[in-house]
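Okay, so here's the structure we're looking at.
We're numbering straight along the sequence, starting at 1. Note that the structure is a prediction, hence the values are computed from the model and not measured.
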Amino acid sequence: MTPSPSLSHSPPKAMAQLFQYVQRRALLFWFASGTSVLNKVLDLMPPLLVGWVIDSVSGTPPGWMQWVPGIDSPLSMAVFLSLLGVGIFALESIFEWMYQRSFLTLAQEVQHDLRLDTYAKIQGREMSFFENQRMGETLSILNDDVNQLERFLNAGFNDLLQLVVLFVFSLAVLLGTSWELSLVGLIPIPIILVGSFYYQRLIAPRYDKVRQTVGGLSSRLENNLGGIQVIQSFTAEKFELERVRQSSEAYKQANLHAIHLSAIYVPLIRMAIALGFGGILLLGAYWVLQGNGRLTVGELVLFSMLVQRMLWPLTRLGQTLDLYERARSSAQRVFGLLNAQATIQSPRPAVKLPRAKGQLTFQNVHFAYTPEVPILKGLDLSIQAGEVIGFAGTTGAGKSTLVKLLLRLYDTTSGSILLDNHPIQSLDLQNLRQQIALVSQDVYLFHGTLKENIAYGQLQASDEEIEAVAKQAALHDFIMSLPEAYETLVGERGIKLSGGQRQRLSIARALLKNAPILILDEATSAVDTETERTIQRNLNQLVAGKTALIIAHRLSTIRQVERIVVLRAAQIAETGDHVSLLLQDGIYADLWRVQLGETTGQSSEGSDKSAL
């Protein structure tokens with residue numbers, strides 16, 4: 001059996017895959033990016049405006065002012081530049097509204113697509129994935145990691161985009177004004193860039209650890225809340241609180257490990273920026289005092305303000321890189337899950353059966369969950385269409401494994417299973433499972449009404465059909481005794497119903513599916529004796545026209561079936577009807593005597609005589 005891929009699989013181009021999702025809405029993305037660029041350009045205009053005003057009132061206006069009609073005095077220049085400033089701020093505000101709304105919308109759309117695609121991929125995974133992986137880890141990917149990617153698209157990407165615009169625009173203006181002074185102001189840039197990339201290398205593994213530990217914490221909490229009844233009944237609250245504390249402590253320490261590094265980044269960047277800013281003030285003031293026209297007062301103010309506007313945002317580069325690294329780590333987990341292929345899939349091309357007759361054949365079937373422990377060894381069995389067959393055996397004999405193999409929740413290690421002479425691995429997976437109705441020993445009810453739970457997967461069923469199967473499952477009278485009847489709500493796992501009531505509802509759900517093959521896997525294990533008798537009386541009606549596989553721990557459930565198969569040590573040990581198996585005085589007879597002795601207290605000899 002192929003092991004399920006680990007959730008920790010990290011695709012090397014996860015962020016590139018994220019932007020493939022973004023490109024699904026390319027028009028919205030480019031509109032958001034374009035308005036963000038325009039917003040940043042306008043945001044950088046105030047230093048230019050201040051410089052132009054100072055030079056205009058000082059008698060040295062910028063050259064482009066001569067092309068503006070009606071501007072012939074310092075006062076008119078100041079008025080014009082003031083109105084220009086108001087217009088610039090108005091446009092900047094409009095563009096800011098546009099890009100924020102667009103990026104927020106884009107982030108929500110991508111988050112929605114990612115969550116649905118990831119859930120659909122998980123839903124199609126083989127059963128070994130769910131049995132081998134912690135659900136808290138999977139839920140952490142669906143919630144925390146997808147939300148982290150949304151936060152990056154909300155803010156992080158726009159921050160990076162505006163940083164690029166900031167540098168390009170500022171450098172163009174500064175170099176056009178004085179390339180010598182620009183070089184002085186840019187002295188900190190190499191230090192900042194080298195430091196930022198080095199910081200990114202150091203912080204990346206720390207955020208990977210944060211994502212791993214939050215997954216572990218989610219798993220611990222999900223596991224404990226799901227088992228709260230056991231925790232309370234064993235008074236294990238202190239023990240579990242300590243285990244949650246350890247998981248939470250690991251998450252806290254992972255975060256602190258990252259915080260200690262990120263906290264020192266900004267102060268170091270500020271010191272580098274101060275060097276460039278101080279150099280501009282010193283050299284620029286010296287040139288102005290010389291009065292040789294190399295630099296005007298307005299240009300010095302422009303330089304001072306624009307360099308500050310360009311360099312100070314670099315103090316936020318660490319936060320932006322933090323957001324990027326968190327997103328990268330989350331993207332690796334999300335796309336690691338999305339890229340992993342299910343080991344059990346429909347073949348191409350796949351055979352689709354109409355309603356199957358229900359003939360089943362197991363040919364030399366071998367299976368093991370782990371190579372060291374075989375569950376089935378060379379099982380050969382033929383079941384005719386419409387036959388009712390029972391399965392018995394001790395716990396772990398492989399009875400429920402047959403169900404999982406038939407539904408292709410697992411694939412056989414070797415050998416084959418045939419439905420109507422078609423190997424089930426050649427059938428379309430959904431088509432195969434539509435041919436089978438299962439009543440499992442582990443009943444799951446979804447939050448909703450009793451009617452919705454009975455009709456689960458058969459939403460087109462009428463009220464009359466739902467009531468009919470409820471009567472067959474001996475559930476109708478109980479439902480009608482409730483104030484809301486079939487509209488009564490049940491909890492997430494049916495916790496408002498008893499175990500027997502949940503199992504009867506599961507039987508009704510399977511009957512409504514009306515599949516040609518009915519599997520009852522310990523279907524009466526949680527019902528009381530009277531309800532079991534009622535279900536047994538209805539058994540012929542329940543299985544009429546169907547191939548029925550009845551797996552039972554209570555042998556009374558399969559006493560009347562045509563053929564009973566007894567499994568032991570991964571193989572078929574005995575076959576026959578109830579009476580013939582008792583006469584063989586083998587495994588089945590031992591199991592029968594034990595169960596009859598538990599209920600009547602008779603001797604083994606008396607038990608056999610009464611059974612016969």
Going by atom type alone, with no hydrogens or angles, which donor-acceptor pairs under 3.5 Å involve a side-chain atom of residues 153-175 and a protein atom two or more places apart or on another chain?
| unit_1 | atom_1 | unit_2 | atom_2 | d |
| --- | --- | --- | --- | --- |
| Asn154 | ND2 | Glu150 | OE2 | 3.3 |
| Asn158 | OD1 | Ser36 | OG | 2.5 |
| Asp159 | OD1 | Arg316 | NH2 | 3.4 |
| Asp159 | OD2 | Arg316 | NH2 | 3.2 |
| Gln162 | NE2 | Ser36 | O | 3.3 |
| Gln162 | NE2 | Ser36 | OG | 3.1 |
| Gln162 | NE2 | Asn39 | OD1 | 3.2 |
| Ser170 | OG | Leu166 | O | 2.7 |

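- In terms of modelled atom types and a separation under 3.5 Å, the side chain of His112 and the main chain of Gln108 share no donor-acceptor contact.
- Panel note: side chain Ser218, backbone Val214; a donor-acceptor pair is recorded below 3.5 Å.
- Here Tyr21 pairs with Asp117 under the side-chain hydrogen bond (donor to acceptor under 3.5 Å, both in side chains) rule; sequence neighbours left out.
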Throw together a table of side-chain donor-acceptor distances under 3.5 angstrom for residues 86-101, partners on residues two or more places apart or in other chains.
| unit_1 | atom_1 | unit_2 | atom_2 | d |
| --- | --- | --- | --- | --- |
| Ser93 | OG | Phe89 | O | 3.0 |
| Glu96 | OE2 | Gln100 | NE2 | 3.4 |

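- Side chains of Arg326 and Phe152 form no contact here, defined as non-hydrogen atoms less than 4.5 Å apart.
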Steps toward side chain to side chain contact (heavy atoms under 4.5 Å, CB included) verdict (Gln20, Phe335): CA-CA 12 Å; Gln20 289 176 8; Phe335 290 106; over 6 Å; no
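- The two residues Ala368 and Thr413 make their nearest non-hydrogen contact at N-OG1, 3.4 Å.
- The distance from atom CD of Gln345 to atom CZ of Arg125, rounded to the nearest 0.5 Å, is 9.5 Å.
- Atom CD of Gln23 and atom CH2 of Trp30 lie 6.5 Å apart (nearest 0.5 Å).
- Rounding to the nearest 0.5 Å places CZ of Arg115 at 10.5 Å from CG of Asp145.
- The salt bridge (charged side-chain N to carboxylate O under 4.0 Å, His left out) test applied to Arg151 returns no partner, not counting sequence neighbours.
- Taken to the nearest 0.5 Å, the OG atom of Ser330 stands 10.5 Å off from the CG atom of Leu18.
- The side-chain hydrogen bond (donor to acceptor under 3.5 Å, both in side chains) test applied to Arg220 returns no partner, not counting sequence neighbours.
- Listed by chain and residue number, nothing satisfies the ring pair (Phe, Tyr, Trp, His ring centres under 6.0 Å) test with Tyr251 (two or more places apart in sequence, or in another chain).
- Around CZ of Phe19, the count of heavy atoms belonging to other residues, nucleotides or ligands within 6.0 Å exceeds 12.
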Step by step, would you call Leu114 with Leu338 a side chain to side chain contact (heavy atoms under 4.5 Å, CB included)? CA-CA 9 Å; Leu114 267 177; Leu338 270 172; 4.0 Å; yes
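- Glu180 has its side chain out of reach of Leu283: every pair of non-hydrogen atoms, C-beta onward, lies at least 4.5 Å apart.
- Listed by chain and number, the residues in a side-chain hydrogen bond (donor to acceptor under 3.5 Å, both in side chains) with Asn224 are Glu240 (sequence neighbours excluded).
- Heavy atoms of other residues, nucleotides or ligands lying less than 6.0 angstrom from CD1 of Ile264 number 12 at most.
- Here the CD atom belonging to Gln111 is positioned 10.0 Å from the CG atom belonging to Leu116, to the nearest 0.5 angstrom.
- With sequence neighbours excluded, the residues forming a salt bridge (charged side-chain N to carboxylate O under 4.0 Å, His left out) with Glu249 are Lys252, listed by chain and number.
- In this structure, Ser102 contributes its side chain and Leu28 its backbone to no donor-acceptor pair below 3.5 Å.
- Between the side chain of Ser248 and the backbone N or O of Val244 there is no donor-acceptor pair closer than 3.5 Å.
- In this view, Ala250 and Thr213 satisfy the side chain to side chain contact (heavy atoms under 4.5 Å, CB included) rule, not counting sequence neighbours.
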For Gln148 and Leu323, what are the C-alpha separation, side-chain angles and deciding distance, and is it a side chain to side chain contact (heavy atoms under 4.5 Å, CB included)? CA-CA 8 Å; Gln148 187 65 53; Leu323 200 56; 3.7 Å; yes
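- A salt bridge links Arg25 and Asp113; the closest N-O separation between the charged side-chain nitrogens and carboxylate oxygens is under 4.0 Å.
- Nearest heavy atoms, Asp428 versus Ser346: OD1-OG, 3.6 Å.
- Between Asp208 and Arg328, the closest side-chain pair of non-hydrogen atoms falls below 4.5 Å.
- Shown here for Ala331 and Met15, the closest heavy-atom pair between the two residues is CB-SD, 3.8 Å.
- When side chains are defined from C-beta on, Leu409 counts as touching Arg433, because their heavy atoms get closer than 4.5 Å.
- For Gln290, the CD atom sits in a packed shell: over 12 heavy atoms of surrounding residues, nucleotides or ligands are nearer than 6.0 Å.
- Partners of Lys209 according to the salt bridge (charged side-chain N to carboxylate O under 4.0 Å, His left out) rule, which considers only residues two or more places apart in sequence or in another chain, do not exist here.
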Verdict with supporting geometry, Leu337 and Leu142, side chain to side chain contact (heavy atoms under 4.5 Å, CB included): CA-CA 10 Å; Leu337 190 57; Leu142 281 171; 5.9 Å; no
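- Contacts of Lys121 classified as side-chain hydrogen bond (donor to acceptor under 3.5 Å, both in side chains), with partners at least two apart in sequence or in another chain: none.
- Here the CD1 atom belonging to Ile141 is positioned 11.5 Å from the CD atom belonging to Gln332, to the nearest 0.5 angstrom.
- Nearest heavy atoms, Ser247 versus Leu217: CB-CD1, 3.9 Å.
- Under the ring pair (Phe, Tyr, Trp, His ring centres under 6.0 Å) criterion, Tyr456 pairs with Phe446, not counting sequence neighbours.
- Between Ala32 and Phe103 the shortest heavy-atom distance is O-CE1, 3.7 Å.
- Tyr410 and Thr401 form no side-chain donor-acceptor contact under 3.5 Å, judged by distance and modelled atom types alone.
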